[in-house]
Structures are given as structure tokens and as C-alpha cells.
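Contents: one structure, followed by commentary.
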Amino acid sequence: IKLFIIIIFTPMMYVIGSPAFNFKSCTKEFAIAILSKLDILSVDTENLYDPTYKLLSFQIGNKQDQFLILEDFLFFKELLETKHIILQNAKHDLKSFAYLGIYPKYIHDTFLQEMILISGHYSLGMSMTKCKLNALVKKYCNVEISKELQKKPEVSQKFFEYSLTDIVYLEDINNAQKVLLDKEGLN
């Protein structure tokens, strides 16, 4: 039996893999049991940004429970392909998943939704800036997050904690955008 890692904070943050940090253990089956009960999942990937977009890790969960997956990515294939998932700028995440043969079908992209909501109000460059995750977290959740560690993926406690925070706000952003899209008759 493989043991996997758990980081316990409030909210619950779990790591599935085996880096040598101060984490508690859980199984990937435990992660699936929790994630399967959720109607919609927030997802983000960390990759090497080489031409293959080879996956370094992915994060999955909601604002209460976040899992950082470091190995056995295909174990989560069915979950990713059958659940509604929220992604931020999905084109990058989808490239990483496609590299593994994982093809999510029910996607909510907070980046594209924001581009629709602000279209015609800003230049393309300004629109791209206003649609980045840190800008959306500030706009819809009134929280400031840093994306500095995204530029240099590494195997470290700090990087893993940063990675998990990427999915904490996606559901709130998606819900707020959905209200605005509905109001405009665009959803």
C-alpha cells in the first residue's frame, strides 16, 4: 500500500505524493472519496512550461478541501473527465492533461468568462491583465495573492502551499461571474 501526504490547515489542504516535508499521510482513494461528493471541482496545474507542458503537479478540490497531486495523475482521470471543473486560463491546464490522455469535458474557465464580461471596455493587453488570477481574486474576493512562485516551479513546501492557494478562490470567482453573465443573458 502506498502512503500519501496530507498538509492539515484550515481549510483542509492535502498532498498526494511523497516529498520529504512535514506532512501527514492519506491515500489517493481518500481523495477520490471526498472529491466524488462535490458537484464542481476547482483545478489548476503546475507544469514545466516546455513544449510538452509536462505535468509537475495538479491541484484539485474546493475552498474547504484542496489536494495537491504529485504522482499517479491517471488515477484521477475519470474524475477529471466526468465532473464539472473550474479552471483559470484553461488552455495551459488542458495541454498538460492532454499530454497524459486526460480530456475534461465540462469546463468553466474564469479567464474566458472574465474576457466576455469586460469585452469592449479595455484594450486587449489591459483585458489580459485584468483576467489574470490575482486580478480576479482581488476583484471578486477582495484578497491579494502573489503569483511570483509560478515563474519558478520547484519541489518545496512554499511552492506546494502556493499551488494549493491557486484553487481556493476559483469557485467564488466562477459563482460571481455566473451571476454577471446571467444578468447579461450570456450564460
Side-chain angles (χ1 to χ4, degrees), residues 11 35 38-69 73 76-77 79-153 159 161-187:
L35 296 168
L38 302 176
D39 294 327
I40 192 164
L41 301 167
S42 297
V43 177
D44 185 43
T45 61
E46 305 301 334
N47 59 57
L48 300 178
Y49 292 103
D50 64 10
T52 65
Y53 275 80
K54 187 174 180 182
L55 202 56
L56 178 64
S57 67
F58 78 89
Q59 301 77 247
I60 187 169
N62 63 11
K63 62 184 172 184
Q64 288 79 34
D65 298 295
Q66 303 96 43
F67 293 85
L68 175 63
I69 313 302
F73 303 128
F76 297 87
K77 177 182 169 90
L79 190 73
L80 290 164
E81 291 183 339
T82 58
K83 288 282 193 180
H84 282 257
I85 62 172
I86 306 168
L87 298 163
Q88 165 64 21
N89 204 356
K91 72 178 185 177
H92 300 292
D93 305 300
L94 295 175
K95 286 178 187 178
S96 294
F97 287 134
Y99 177 81
L100 296 170
I102 298 172
Y103 301 98
K105 294 170 184 61
Y106 308 105
I107 299 166
H108 306 257
D109 186 338
T110 55
F111 179 90
L112 291 178
Q113 290 170 172
E114 192 67 17
M115 288 293 281
I116 291 166
L117 287 166
I118 66 172
S119 65
H121 297 283
Y122 303 98
S123 67
L124 180 59
M126 181 59 76
S127 293
M128 298 289 278
T129 300
K130 291 192 172 289
C131 294
K132 289 184 176 184
L133 181 60
N134 55 343
L136 297 181
V137 171
K138 179 67 177 161
K139 178 179 180 178
Y140 293 109
C141 305
N142 200 28
V143 174
E144 293 198 27
I145 62 169
S146 172
K147 297 296 287 173
E148 283 303 309
L149 286 174
Q150 181 183 35
K151 298 172 186 170
K152 298 176 187 167
F159 180 72
E161 289 173 1
Y162 147 80
S163 297
L164 286 165
T165 62
D166 270 5
I167 63 170
V168 170
Y169 304 102
L170 288 180
E171 190 170 355
D172 288 339
I173 294 166
N174 184 65
N175 291 341
Q177 289 174 329
K178 188 175 179 185
V179 168
L180 295 172
L181 289 165
D182 286 343
K183 186 176 178 182
E184 297 295 327
L186 297 171
N187 204 0

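In this text the structure is predicted, and so the values were computed from the model without any measurement. Heavy-atom basis, side chains included; hydrogens, waters and symmetry copies ignored.
Taking the six-membered ring for Trp, Phe67 and Phe76 have ring centres at least 6.0 Å apart.
Listed for the Asn62 side chain is no donor-acceptor partner under 3.5 Å among the backbone atoms of Leu41. Put simply, the side chain of Asp93 gets close to the backbone of Thr45: a donor and an acceptor are under 3.5 Å apart. Between the Gln59 side chain and the Leu68 main chain, no donor and acceptor come within less than 3.5 Å of each other. No donor-acceptor pair under 3.5 Å is formed between the side chain of Lys77 and the backbone N or O of Leu100. Panel note: side chain Gln177, backbone Thr110; a donor-acceptor pair is recorded below 3.5 Å. Gln88 places a side-chain N or O within 3.5 Å of a backbone atom of Cys131 that can act as its donor or acceptor partner. Distance alone, capped at 3.5 Å, is enough to place a donor-acceptor pair between the Asp109 side chain and the Ala90 backbone.
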Would Ile102 and Glu81 count as a side chain to side chain contact (heavy atoms under 4.5 Å, CB included) here? Give the steps.
CA-CA 7 Å; Ile102 298 172; Glu81 291 183 339; 4.3 Å; yes
Hey, mind stepping through Asp65 and Leu38 against side chain to side chain contact (heavy atoms under 4.5 Å, CB included) and telling me if it holds?
CA-CA 10 Å; Asp65 298 295; Leu38 302 176; 5.8 Å; no
Candidate pair Phe97 and Val43, rule side chain to side chain contact (heavy atoms under 4.5 Å, CB included), full reasoning:
CA-CA 11 Å; Phe97 287 134; Val43 177; 3.8 Å; yes
Stepwise side chain to side chain contact (heavy atoms under 4.5 Å, CB included) check, Ile173 with Leu133
CA-CA 9 Å; Ile173 294 166; Leu133 181 60; 4.1 Å; yes
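Take Glu144 and apply the salt bridge (charged side-chain N to carboxylate O under 4.0 Å, His left out) test, not counting sequence neighbours, and it matches Lys138. Listed by chain and residue number, Lys63 satisfy the salt bridge (charged side-chain N to carboxylate O under 4.0 Å, His left out) test with Asp172 (two or more places apart in sequence, or in another chain).
Going from atom CG of Leu87 over to atom CD1 of Ile167 covers 10.5 Å, rounded to the nearest 0.5 Å. Lys130 contributes atom NZ, which lies 9.0 Å from atom CD of Glu114 (distance to the nearest 0.5 angstrom). The line from CG of Asn174 to CD1 of Ile85 is 11.5 Å long, rounded to the nearest 0.5 Å. Distance CG/Leu170 to CG/Asp44: 7.0 Å, rounded to 0.5 Å. Put simply, CG on Asn47 and CG on Leu56 are 8.0 Å apart, with the number rounded to the nearest 0.5 Å.
The number of heavy atoms from other shown groups lying within 6.0 Å of NZ (Lys183) does not exceed 12. In this structure, Lys139 places its NZ atom where more than 12 heavy-atom neighbours from other residues, nucleotides or ligands lie under 6.0 Å away. Residue Asp39 places its CG atom among 12 or fewer non-hydrogen atoms of other residues, nucleotides or ligands, all under 6.0 Å distant. Residue Lys95 qualifies as enclosed at atom NZ: its count of foreign heavy atoms under 6.0 Å is above 12.
When all heavy atoms of Tyr169 and Thr165 are compared, the pair lying nearest together is CD1-O, 3.9 Å.
Lys83 has its side chain out of reach of Leu35: every pair of non-hydrogen atoms, C-beta onward, lies at least 4.5 Å apart.
Taking the six-membered ring where tryptophan is involved, the planes of His84 and His108 are tilted, since the angle between them lies from 30° to 60°.
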